[in-house]
Amino acid sequence: MALKPTLATRRTCTGCMACVDSCAHSALESYMARDGHLYVRWNRTDCTGCGACSRTCPVITPHKPEPGKPGIRAAWANDERLRMKSSSGGVFAALAVQTLAEGGVVFGAAMKGTQVVHRAVERIDDLEALQGSKYQQGDLSGVYRKVRKYLREGRAVLFSGVPCQVAGLYGMLGGKRPDNLLAVDLVCSGFPSLLPLQSFLKHEPYGRVETLTYRDKRDGWYDDAKQRISSQDLTLYPEDGTPVKLYSGLVYSAFGSHLTNRSSCLNCPFARAHRLADLTLADYWGDRDYPDQHYAGLSAVVVHSRKGLEAISKADLTVHPSTWAKFLHSCYRMVCGRHPFIRLHPGRWLRTFAFTRGSYALQQHLFYVKPMTLLTFPYRAWGGFLFRMSGMWIDRVVKHAINNLDT
Ligand SMILES: Cc1cc2nc3c(=O)[nH]c(=O)nc-3n(C[C@H](O)[C@H](O)[C@H](O)COP(=O)(O)OP(=O)(O)OC[C@H]3O[C@@H](n4cnc5c(N)ncnc54)[C@H](O)[C@@H]3O)c2cc1C
Ligand code: SF4
Ligand code: SF4
Ligand code: SF4
């Protein structure tokens, strides 16, 4: 009987699911654990001990990016309609249009009802489904195999996902960088547990919720972090038509607070200036140079490879050089994957308790109601201290990165 293969642990597993696709014997499968995150289950009886999964897992077998120094740009799509459907400057959509125009196929995250799925698009008319950030982890079991199949057939492929998913794809490809693959990752602040979303869907009084939009640009990008839901026959903002702002909905609060994030996201090994992907995309929140572009949205693009550079010059984009100092001050997550003190925050286990055993009232209370009383003072003071410590740690990492990268 085969010994258990070496895979990432519960603390380090990113849920990328590349190991599942690497196993030719179906001995691995994904499942959702009690904490509301996706992990991998091993089936001893089907395992032959071949080790393919360990060689694929990006945590166990990391691969190196293309040699060179990353470059930073400010960019936006020239097609305003395309850009308004995207979360930031629409760079992903412009790259996708270019790939599709050349007969290629584009992989990205889409909503299927209230769940995120990764799917392939081959027609420009279907591209909208892949646009926009979805703050929910999807299960990519089966997707890497499809990408590999297209690549082997010689089709041009644009694969877009969070950094651990892009690393999982390179794991599936044995670290090779096929010429017909353009890999695009994101600045990623991590995935919250799926439990708050499930609770929201179960309890919110909007009838059957058909789908969710995590970002909505109808009032412009600078003010766009709103959650919108579609129920059976109407599309509405929660709370009687009042747009819900960041941190004020249960689902957004779970994302914004980081307190239910999967363990790997609190120490993400993929948050580095120079990455495996050809390009990294982010919101350029800290920009002061292009204020007239803020309504429609502005992206920061980090170029990691020659192919990435060619792709942004071919696509229908406006691109300007920028500096790391300008970018990193509003986007530490590009270079700092650690939130070292959040593990010690009592709100982390309190939320797990509330979402597994507590009432909906308690769950909401933990996110919305923050009274400073004698009873809550120690909790809030300790939480505040931990976030301040995290902030100081992040400042140090950012300063160090700017000194290295801008020289
Ligand atoms: C979980 C998450 C956290 C993020 N955190 C930050 C952050 O802290 N700072 C920052 O500057 N930017 C962050 N981003 C990225 C940012 O929101 C935009 O996606 C990015 O700027 C690209 O914008 P765009 O307009 O070019 O493309 P868009 O059309 O907005 O989207 C680009 C691509 O994002 C991918 N994507 C969306 N949701 C998911 C998902 N659930 N899983 C995998 N891929 C997905 C899709 O495949 C799509 O192709 C985050 C994105 C996600 C998904
Ligand atoms: S060692 Fe081989 S057979 Fe066993 S789970 Fe890993 S890939 Fe599958
Ligand atoms: S390949 Fe991905 S899902 Fe599998 S163990 Fe490694 S990190 Fe976890
Ligand atoms: S923070 Fe890191 S580990 Fe978590 S989803 Fe993003 S890339 Fe993956």
Side-chain angles (χ1 to χ4, degrees), residues 12 14 16 58-59 62-76 87-89 91-92 133 160-167 170 177 183-191 255-256 258 261-290 298-309 311-312 319-344 386-407:
T12 57
T14 67
C16 70
V59 174
H63 292 286
K64 288 204 172 85
E66 191 171 289
K69 209 174 172 191
I72 172 83
R73 312 277 190 279
W76 58 88
S87 288
S88 54
V91 174
F92 160 74
S133 294
S160 150
V162 292
C164 57
Q165 294 166 349
V166 169
Y170 280 113
R177 304 180 66 86
V184 175
D185 76 5
L186 309 167
V187 166
C188 174
S189 48
F191 283 120
F255 171 71
H258 302 291
N261 275 14
R262 64 182 301 135
S263 176
S264 62
C265 303
L266 299 182
N267 193 5
C268 174
F270 306 102
R272 289 189 302 246
H274 193 27
R275 300 184 177 188
L276 280 169
D278 297 298
L279 299 166
T280 296
L281 308 180
D283 283 287
Y284 206 151
W285 295 121
D287 170 71
R288 299 284 173 271
D289 296 330
Y290 309 100
L298 187 66
S299 293
V301 182
V302 183
V303 182
H304 302 288
S305 70
R306 185 181 292 271
K307 207 194 296 170
L309 193 59
I312 55 167
V319 181
H320 294 282
S322 192
T323 69
W324 288 93
K326 286 179 188 169
F327 172 50
L328 290 182
H329 280 308
S330 67
C331 196
Y332 73 88
R333 195 67 190 179
M334 178 75 206
V335 289
C336 181
R338 283 191 79 186
H339 250 311
F341 302 97
I342 288 188
R343 277 189 213 282
L344 307 173
L386 291 172
F387 273 104
R388 194 155 308 147
M389 294 295 287
S390 274
M392 282 164 62
W393 162 271
I394 288 163
D395 282 350
R396 274 189 47 186
V397 175
V398 165
K399 263 193 205 136
H400 182 74
I402 290 172
N403 285 342
N404 278 342
L405 291 161
D406 266 340
T407 47

With no hydrogens and no angle check, just 3.5 Å: does a side-chain donor-acceptor pair link His258 and Ser189?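 Side-chain D/A pair, His258 to Ser189: absent.
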
Ignoring hydrogens and geometry, is there a side-chain-to-backbone donor-acceptor pair from [X] to [Y] under 3.5 Å?
{"X": "His274", "Y": "Glu66", "value": "yes"}
{"X": "Arg177", "Y": "Leu276", "value": "yes"}
{"X": "Ser88", "Y": "Ser299", "value": "no"}
{"X": "Ser133", "Y": "Ser87", "value": "no"}

In terms of the angle between their ring planes, are His320 and Tyr290 parallel, tilted or perpendicular, with boundaries placed at 30° and 60°?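 Correct class here is parallel.
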
Test of understanding: with side-chain hydrogen bond (donor to acceptor under 3.5 Å, both in side chains), list the residues that count as partners of Ser160, not counting sequence neighbours.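 Ser160: no side-chain hydrogen bond (donor to acceptor under 3.5 Å, both in side chains) contacts found.
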
Contact check, side chains of Val302 and Phe327, non-hydrogen atoms, under 4.5 Å: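 Yes, close enough: below the 4.5 Å cut-off.
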
Using side-chain contact (heavy atoms from CB on, under 4.5 Å) as the criterion, list what pairs up with Ala75, not counting sequence neighbours.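 Counting only residues at least two positions away or on another chain, Ala75 forms a side-chain contact (heavy atoms from CB on, under 4.5 Å) with Val91, Val301, Val319.
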
side-chain contact (heavy atoms from CB on, under 4.5 Å) involving Asn267 - partner list, sequence neighbours excluded: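 So Asn267 forms a side-chain contact (heavy atoms from CB on, under 4.5 Å) with Arg338, Arg343.
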
Kindly determine whether Phe92 and Leu279 satisfy side-chain contact (heavy atoms from CB on, under 4.5 Å), including the steps that lead there. CA-CA 10 Å; Phe92 160 74; Leu279 299 166; over 6 Å; no

Taking side-chain contact (heavy atoms from CB on, under 4.5 Å) as the criterion, tell me which of Asp395, Val397, Val398 meets it with Tyr332.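 Option passing the side-chain contact (heavy atoms from CB on, under 4.5 Å) with Tyr332: Val398.
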
Positive for side-chain contact (heavy atoms from CB on, under 4.5 Å) with Phe191, one of Thr14, Val162, Asn261: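 Among Thr14, Val162, Asn261, the one that satisfies the side-chain contact (heavy atoms from CB on, under 4.5 Å) with Phe191 is Val162.
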
With rounding to the nearest 0.5 Å, note down the distance linking CG in Leu186 to CG in Leu281.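 So the CG of Leu186 and the CG of Leu281 are separated by 6.0 Å.
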
